[in-house]
2 protein chains.
Amino acid sequence: MSLKNVNQLSPIFKILGEPNRLRILCSLGLECRPVSDIVKATGMSQTNVSFHLRLLREAGLVRPERRGPYIYYCLPNGELLKILDQFSKWLDDKSYKMDVTEN
Amino acid sequence: MSLKNVNQLSPIFKILGEPNRLRILCSLGLECRPVSDIVKATGMSQTNVSFHLRLLREAGLVRPERRGPYIYYCLPNGELLKILDQFSKWLDDKSYKMDVTEN
DNA sequence: ATTATATATGAGTATACACACATATGAGCA
DNA sequence: TGCTCATATGTGTGTATACTCATATATAAT
């Protein structure tokens with residue numbers, strides 16, 4: 001873990017650190033969905049979804065694709081979901097261990 | 001990836017999204033180090049290091065351990081570093097692919 | 001061309017957050 | 001006890017950021 005990695009990773013983590021953005025990613029899963037679907041799925045305002053989609057897009061975490069009047073968004077590949085899942089498992093495991101020890 | 005995971009993951013990502021915090025974690029690596037070492041290694045002010053250490057501590061990403069006048073900080077285990085490394089590799093791979101395609 | 005629908009963008013605002021400065025706590029030693 | 005060193009905490013401040021409202025753009029249909 002060098003400085004290069006820090007500069008590479010921290011902007012991505014900053015993006016993922018916003019709950020609504022993470023929810024958007026989760027609502028996509030492996031499918032491509034139009035913005036209106038995301039709005040419905042998350043209950044966020046259309047404006048706010050668009051706002052966060054832009055950041056996700058600029059970070060390369062999501063890819064837009066025009067289909068007629070709709071713009072479908074998708075994850076570039078399934079790897080991110082796998083990594084998130086692994087992270088989540090690590091957290092479960094960690095908190096389990098933390099209960100046993102102290103802090 | 002459910003809502004539970006989002007609520008669990010996003011605070012952690014928020015913590016990791018701050019470059020200085022990530023640098024602190026990297027400067028620790030697998031070793032335990034006193035705060036003064038971290039200050040030297042990162043070039044940050046003592047106050048600022050303490051500020052970020054508190055957040056890392058409260059998030060369970062770092063564990064304090066008093067040794068005489070010093071307080072040593074360590075990662076709870078090596079897993080986090082592995083995951084960060086994997087994340088970093090994924091990013092390298094992704095940006096490589098993105099150059100080949102478009103966006 | 002006009003209208004409707006889908007999405008994006010700009011401006012304004014309130015809140016969160018990183019940081020610095022000053023000071024407090026707590027351990028070890030004279 | 002008093003002093004020094006290591007670390008933590010409280011307060012203030014500037015800046016970033018999430019959100020809303022109003023409006024712009026782009027596509028499709030009549």
Side-chain angles (χ1 to χ4, degrees), chain A residues 3 6-7 9-28 31-75 102-103, chain B residues 3 6-7 9-28 31-75 102-103:
Chain A
L3 195 78
V6 168
N7 294 333
L9 283 174
S10 67
I12 297 293
F13 284 136
K14 183 166 277 179
I15 293 288
L16 296 175
E18 221 290 319
N20 281 330
R21 281 193 288 266
L22 210 48
R23 277 203 285 151
I24 290 176
L25 291 181
C26 292
S27 82
L28 287 178
E31 308 278 327
C32 291
R33 298 190 199 283
V35 179
S36 47
D37 274 23
I38 303 175
V39 170
K40 262 184 271 173
T42 62
M44 305 165 59
S45 76
Q46 179 266 319
T47 310
N48 202 21
V49 168
S50 257
F51 169 71
H52 287 299
L53 278 176
R54 164 149 64 157
L55 298 177
L56 289 166
R57 203 193 318 141
E58 289 172 348
L61 294 176
V62 108
R63 196 166 44 81
E65 187 182 317
R66 183 136 229 155
R67 298 190 198 169
Y70 301 94
I71 298 182
Y72 280 68
Y73 278 88
C74 2
L75 304 190
E102 84 292 350
N103 259 357
Chain B
L3 195 78
V6 168
N7 294 333
L9 283 175
S10 68
I12 297 294
F13 286 140
K14 186 166 276 182
I15 293 288
L16 296 175
E18 220 290 318
N20 282 329
R21 282 194 287 266
L22 210 49
R23 277 204 283 150
I24 290 177
L25 291 180
C26 291
S27 83
L28 287 178
E31 307 278 327
C32 291
R33 298 189 200 283
V35 178
S36 48
D37 274 23
I38 303 174
V39 170
K40 263 184 270 172
T42 61
M44 306 165 58
S45 76
Q46 180 267 319
T47 310
N48 202 20
V49 168
S50 257
F51 169 73
H52 287 299
L53 278 176
R54 164 151 63 158
L55 299 177
L56 289 167
R57 202 195 318 141
E58 290 172 348
L61 294 176
V62 107
R63 195 166 44 79
E65 188 183 316
R66 182 133 229 157
R67 296 190 198 169
Y70 301 94
I71 298 181
Y72 281 67
Y73 278 88
C74 3
L75 305 190
E102 84 292 350
N103 259 355

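The chains referred to below are lettered A, B, ... by the order of the sequence lines, with proteins before strands, and numbering in each begins at 1. Side-chain atoms are counted along with the backbone in the values below, which use heavy atoms only and exclude waters and symmetry mates.
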Grab the N/O contacts between the protein and nucleotides 20-23 of chain D below 3.5 Å, and write none if there aren't any.
from: D/dT20; atom 1: OP2; to: A/S45; atom 2: OG; distance (Å): 3.1

Taking only nitrogen or oxygen atoms into account, show me every contact under 3.5 Å that the protein makes with nucleotides 28-30 of chain D, one pair per line with its distance.
none

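Note that CZ of B/R63 is 14.0 Å distant from OH of B/Y72, once rounded to the nearest 0.5 Å. Between the CZ atom in B/R21 and the CZ atom in B/F51 there is a gap of 7.0 Å [rounded to 0.5 Å]. Here the straight-line distance linking atom CD1 of A/I24 with atom CG of A/L53 works out to 5.0 Å at 0.5 Å rounding.
Non-hydrogen atoms lying under 4.0 Å from DNA chain C are contributed by A/P34, A/V35, A/S36, all within residues 34-42 of chain A. Within a heavy-atom distance below 4.0 Å of DNA chain C, no residue of residues 18-25 of chain A is found.
Judged by closest nucleotide on DNA chain D, B/Y72 is the one of B/Y72 and A/R66 placed further toward the 5' end.
Scanning all heavy atoms of the two residues, the minimum distance from B/L25 to B/L75 falls at CD2-CD2, 3.5 Å. Nearest heavy atom pair, residue B/R23 against residue A/L3, reads CD-CD1, 3.7 Å. Of all the heavy atoms in A/V39 and A/Q46, the pair that sits closest is CG2-CA, 3.8 Å. Contact between A/P64 and A/I71 at its shortest, heavy atoms only, is CB-CG2, 4.0 Å. The nearest pair of heavy atoms linking A/L22 to B/F13 is CD2-CD1, 4.2 Å. Between A/G17 and A/P19 the shortest heavy-atom distance is O-CD, 3.4 Å.
Look at CZ on B/R54: it is 17 Å from P on C/dA24, rounded to the nearest Å. When the P atom of D/dA8 is taken as reference, atom CD of B/E65 falls 14 Å away, rounded to whole Å. If you measure from atom CG of A/L55 to atom C1' of C/dT9, you get 13 Å, rounded to the nearest angstrom. Here the C1' atom of nucleotide C/dA27 and the CD1 atom of B/I71 are 10 Å apart, to the nearest Å. In this structure, CD of A/E58 is placed 12 Å from P of C/dA8, rounded to the nearest angstrom. One atom, CG of B/L16, and another, P of C/dA18, lie 12 Å apart when rounded to the nearest Å.
Contact check for B/S50 versus B/T47: no side-chain heavy atoms found under the 4.5 Å cut-off. Counting heavy atoms from C-beta outward, A/S10 and B/L16 have side chains that stay 4.5 Å or more apart. Side-chain contact check for A/H52 versus A/M44: some heavy-atom pair is nearer than 4.5 Å.
Remark: A/R67 engages A/E65 in a salt bridge (charged side-chain N to carboxylate O under 4.0 Å, His left out) (not counting sequence neighbours). A/C32 is linked by a disulfide bond (SG atoms under 2.5 Å apart) to A/C74, counting only residues two or more places apart in sequence or in another chain.
In this model, the phosphate group of D/dA16 is not approached by any side-chain N or O of A/K14 to a distance below 4.0 Å at OP1 or OP2. Between A/Y73 and C/dA8 there is a side-chain polar atom (N or O) within less than 4.0 angstrom of OP1 or OP2. Side-chain nitrogen and oxygen atoms of B/Y70 include none within less than 4.0 Å of the OP1 or OP2 phosphate oxygen of D/dA8. Checking the phosphate oxygens (OP1, OP2) of C/dC19, a side-chain nitrogen or oxygen of B/H52 falls inside 4.0 Å.
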